[in-house]
Engineer: 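Pasting a structure here, questions to come.
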Amino acid sequence: MASMPLRIASNSVSSLLNLTFDGPCRLASNSGFYGLPDQPLNNIPLSTSASANRRTRRFLSQVPLHATNAPNRETIKSQSSLSFDVVIIGAGIIGLTIARQFLLFSDLSVAILDAAVPCAGATGAGQGYIWRINKTPGAEKWELASRSHQLWVNLAESLQHQGLNPLQILGWMKTGSLLVGKTKEESTLLKAKVKQLCDAGLEAVFLSNQDLLLKEPALVLGKEGTAAYLPDDCQLDARCAVAFLEKENRHFASEGRYAEFYHEPATYLLRSGSSGEVDAVQTSKNTIFSKKAVVMAAGCWTGTLMHELIKSTNIKLDIPVKPRKGHLLVVENFNSFKLNHGLMEAGYVNHQSASLPSTASHKRPLYDAQATSVSMTATMDTSGNLVLGSSRQLLGFNVDIDESIINRIWQRAAEFFPALTEKSLDELKKNRAVRVGLRPYMPDGKPVIGPVPGWSNFYIAAGHEGEGLTLALGTAEMIVDMVLGNPGKVDPKPYAVDRCCT
């Protein structure tokens with residue numbers, strides 16, 4: 001595929017760098033990191049490519065990761081200073097969708113900055129499903145998940161109305177989702193799940209073992225096997241979605257309303273002594289002033305970065321976002337069987353919502369988030385690759401591939417798809433890829449979305465764990481409505497900063 005120009009603002013909107021990426025869905029990326037990890041250099045988040053690792057290490061040696069002292073006014077004057085209405089720290093799926101929301105639904109100007117490039121962190125390593133089958137109607141995140149799902153559907157439909165193909169542009173597929181179980185106990189839970197979803201107005205269906213065989217012939221669950229089926233669930237390609245979002249946002253650059261500052265780590269926040277407002281974000285190259293709002297959307301690096309940005313002040317703000325490592329196994333050009341839907345084992349829901357012992361509610365079973373977990377998820381992407389997951393581990397910022405985890409993912413998948421036992425992982429060495437990402441995990445299972453008390457123009461949107469894609473558009477709408485003072489579509493209370501951040 002021919003290389004295409006990628007234009008990224010550096011020192012001003014009119015001063016642009018020419019970079020390249022291989023087509024609309026092949027963004028080149030090093031792993032993203034914001035601030036200073038609490039791991040030695042060889043354990044910082046890096047891509048699985050050795051050459052990319054070397055490039056990232058060279059980049060690390062060239063830029064400061066933190067500021068030891070606040071910059072003085074003379075320093076600011078000697079650097080390039082820019083001004084925008086909104087400054088967003090972090091160019092993952094959350095940051096990019098927030099930028100898009102401001103650009104489309106206000107007349108505000110937006111700058112987005114990142115220590116690396118989009119799709120370099122959890123966004124690019126994910127499986128891409130936009131599902132509600134694993135959500136619980138009436139739970140605190142249900143309203144946000146439903147709203148965000150509808151916004152994704154609206155986006156896909158708007159592309160169709162423009163004569164465009166959402167499959168080509170977003171990797172969008174309405175595959176439907178299956179939550180599958182093997183035991184009587186799981187079958188009982190799945191029946192209850194279907195009733196909950198139907199009561200919430202969704203067209204969910206309970207499938208018997210025979211019904212399920214017609215839907216997915218390669219899936220073998222045994223005589224007690226059943227599933228909850230949600231036909232309207234969808235999936236997309238995260239890299240395609242990011243490329244689309246960037247392209248949409250860049251339409252506003254010619255109006256002076258949008259600029260990107262990639263490979264520019266934030267180093268300091270400049271605050272007003274009288275009002276507590278954040279006046280500007282200092283990066284390794286620029287001082288970027290904000291006239292309206294600053295939004296922190298740095299994923300699992302949010303807590304670490306905040307400590308770095310304010311460490312030479314007497315301010316304390318602890319955001320308990322932790323990196324939760326995940327592996328996905330991609331079997332390329334897979335032809336042993338075809339999947340017609342996205343699949344997830346019933347136990348995945350427990351692993352996803354696992355709490356740290358000190359934060360678990362007595363109202364629900366305790367699944368220790370410190371423990372390594374592997375549960376079956378399976379999708380096929382637009383290229384016919386089989387994508388298998390997934391694992392969850394709290395190991396700091398380590399993103400090294402763990403072959404023992406990959407073996408567990410393969411073995412767990414084979415328990416549901418016996419055809420996988422016909423080949424060993426060693427036989428697939430040439431046709432496999434591994435994605436490793438760091439999910440932004442919050443101990444209570446809910447993202448932080450909203451203003452920081454006492455910081456009148458500073459907002460946080462982070463901690464979405466493995467639901468960044470699913471919740472992105474709804475999160476963006478929430479943040480923009482808060483900044484503009486619009487009535488909210490989703491109750492913000494479950495996501496308030498002061499519930500968990502001190």
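Atoms considered below: every heavy atom in the structure, side chains included; atoms not considered: hydrogens, waters and symmetry mates.
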Engineer: To the nearest 0.5 Å, what is the distance between OG (Ser290) and CD1 (Ile88)?
Structural biologist: 10.0 Å
Engineer: Return yes when atom NZ of Lys291 has more than 12 non-hydrogen atoms of other residues, nucleotides or ligands closer than 6.0 Å, and no otherwise.
Structural biologist: yes
Engineer: Considering only NZ, NE, NH1 and NH2 on the basic side and carboxylate oxygens on the acidic side, decide whether Glu467 and Lys135 come within less than 4.0 Å.
Structural biologist: yes
Engineer: Does any part of the side chain of Leu108, heavy atoms only, come nearer than 4.5 Å to the side chain of Lys292, both counted from C-beta?
Structural biologist: yes
Engineer: Could you go through Glu264 and Ser284, starting from their C-alpha distance and side-chain angles, then the distance that decides it, and tell me whether this counts as side-chain hydrogen bond (donor to acceptor under 3.5 Å, both in side chains)?
Structural biologist: CA-CA 6 Å; Glu264 285 200 40; Ser284 58; 5.0 Å; no
Engineer: Less than 6.0 Å separating the ring centroids of Tyr229 and His341?
Structural biologist: yes
Engineer: With a 4.5 Å cut-off on side-chain heavy atoms, are Phe458 and Met296 touching?
Structural biologist: yes
Engineer: Apply side-chain hydrogen bond (donor to acceptor under 3.5 Å, both in side chains) to Glu403 and Asn407, showing your working.
Structural biologist: CA-CA 6 Å; Glu403 286 296 333; Asn407 287 330; 5.3 Å; no
Engineer: Who passes salt bridge (Lys or Arg N to Asp or Glu O under 4.0 Å) against Glu143, sequence neighbours left out?
Structural biologist: none
Engineer: Between His327 and Ser390, does the side-chain hydrogen bond (donor to acceptor under 3.5 Å, both in side chains) criterion hold? Intermediate values first, please.
Structural biologist: CA-CA 6 Å; His327 288 71; Ser390 65; over 6 Å; no
Engineer: Taking only Lys NZ, Arg NE, NH1 and NH2, and the carboxylate oxygens of Asp or Glu, determine whether Arg392 and Glu465 approach each other closer than 4.0 Å.
Structural biologist: yes
Engineer: Thr379 vs Gln127, test: side-chain hydrogen bond (donor to acceptor under 3.5 Å, both in side chains). Steps then yes/no.
Structural biologist: CA-CA 8 Å; Thr379 57; Gln127 206 157 0; 3.2 Å; yes
Engineer: Is there side-chain contact between Thr372 and Leu395, with heavy atoms separated by less than 4.5 Å?
Structural biologist: no
Engineer: Count the heavy atoms of every other residue, nucleotide or ligand shown that sit under 6.0 Å from NZ of Lys195, and state whether that count exceeds 12.
Structural biologist: no
Engineer: Which pairs count as salt bridge (charged side-chain N to carboxylate O under 4.0 Å, His left out) when at least one residue sits in residues 453-462, sequence neighbours excluded?
Structural biologist: none
Engineer: Does Arg271 come within less than 4.0 Å of Glu277, counting only side-chain N to carboxylate O?
Structural biologist: no
Engineer: Salt bridge between Asp85 and Arg257, side-chain N to carboxylate O under 4.0 Å?
Structural biologist: no
